[in-house]
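Hydrogens, waters and symmetry mates play no part in the numbers below; they use all other heavy atoms, side chains included. Because the structure is predicted, anything quoted here is derived from the model rather than measured.
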Amino acid sequence: LLLSDLNKTIPDNVSPVDSTILANNYIQDWAQQQLMLSRAKLNIPELKQQEFENLVKQYRADLYINAYKEGLIAKSMDKQVSHMELATYYEKHKENFKLNERLVKIRYINVANDYDDINQLRSALRRFNQEDKQLLNSLALTFKSYSLNDSTWVKSSSIIQKLPKITNDNSGSYLKKSHFFELSDSLGVYLVTVNEVLERNDIAPLEYVEPTVRKIILNKRKLDFIKNLERELLDEATGDKEFEIFDIKQDSKQ
């Protein structure tokens with residue numbers, strides 16, 4: 001164990017006492033590892049040791065190769081995915097994007113039980129024209145919680161967690177298209193309007209699975225990039241005589 005290696009493990013901003021403790025601990029650990037390694041080499045069969053060495057060589061090669069590939073991918077591979085690419089892949093493989101639970105587009109408001117003029121909120125949330133949107137946004141600070149973005153698909157399981165009295169068993173009675181309902185508990189009143197619904201086993205819309213589709217396209221592009229890289233590297237090495245295969249003709253007497 002070299003002093004220079006030991007010094008690399010000791011931070012510069014520690015006291016002499018702490019530095020000594022850290023150094024002693026490191027030396028003990030290092031010595032214990034070396035002694036154990038020495039005993040292992042004496043007691044493990046040579047054939048098994050050769051297997052380990054081959055694994056170490058392969059692992060070392062994989063580390064270098066993967067680091068090189070990832071560096072080239074980060075530098076040279078196009079990571080932009082157009083909407084046309086997304087839509088084309090989605091249309092071709094949409095049967096692979098069936099939903100495993102209900103999706104809904106929903107808007108809701110949660111207010112205290114004694115909220116003033118709750119009828120105004122009911123009307124605005126149900127009608128939801130431009131004036132209603134402005135009104136509800138202006139009153140948002142008086143709500144306990146709310147979501148007025150009914151253009152985004154949300155999992156029904158997320159809704160069940162947020163709203164009282166809705167369970168997996170009865171959610172179908174509440175989460176219906178163009179349905180307004182009201183719930184209450186000791187914490188307040190929930191006004192809810194369901195805009196749209198997609199049921200389990202329906203095809204998920206592109207806007208919902210877009211991140212997944214994008215990831216699939218990029219992964220495929222990455223695989224193609226690596227295949228082309230490997231092929232070009234082999235062709236270049238062959239052309240430059242860095243890599244050559246020789247036919248070994250065996251002696252007829254052998």
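- Electrostatic pairing of E199 and K177 does not count as a salt bridge here, judged by no charged N lying under 4.0 Å from a carboxylate O.
- Annotation: ring pair (Phe, Tyr, Trp, His ring centres under 6.0 Å) contacts of Y190 (sequence neighbours excluded): none.
- Screening residues 201-215 for salt bridge (charged side-chain N to carboxylate O under 4.0 Å, His left out) gives K105-E207, E210-R214 as the qualifying pairs, with residues at least two apart or on separate chains.
- Note on residues 32-48: pairs passing salt bridge (charged side-chain N to carboxylate O under 4.0 Å, His left out), not counting sequence neighbours, are K48-E51.
- Applying the ring-ring contact (aromatic ring centres under 6.0 Å, His included) definition to pairs two or more places apart or across chains, those involving residues 129-188 are F143-Y146, Y174-F181, H179-F181.
- Remark: K69 engages E230 in a salt bridge (Lys or Arg N to Asp or Glu O under 4.0 Å) (not counting sequence neighbours).
- In this structure F225 satisfies the ring pair (Phe, Tyr, Trp, His ring centres under 6.0 Å) test with no other residue, sequence neighbours excluded.
- Checked against salt bridge (Lys or Arg N to Asp or Glu O under 4.0 Å), E131 has no partners two or more places apart in sequence or in another chain.
- The salt bridge (charged side-chain N to carboxylate O under 4.0 Å, His left out) pairs that include a residue from residues 108-128 are R122-E182, R127-D132, where partners are two or more places apart or lie in different chains.
- Grouping Ile, Leu, Val, Met, Phe, Trp and Tyr by side-chain contacts under 4.5 Å, direct or through others, leaves L37 on its own.
- Under the salt bridge (Lys or Arg N to Asp or Glu O under 4.0 Å) criterion, D224 pairs with K220, sequence neighbours left out.
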Side-chain polar contacts of residues 20-27 - donor-acceptor pairs under 3.5 angstrom, sequence neighbours left out - could you list them?
| from | atom 1 | to | atom 2 | distance (Å) |
| --- | --- | --- | --- | --- |
| T20 | OG1 | P16 | O | 2.9 |
| N24 | ND2 | T20 | O | 3.3 |
| N25 | ND2 | I21 | O | 3.3 |

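- The salt bridge (charged side-chain N to carboxylate O under 4.0 Å, His left out) contacts involving residues 148-168 comprise R107-D150, where partners must be two or more places apart or lie in separate chains.
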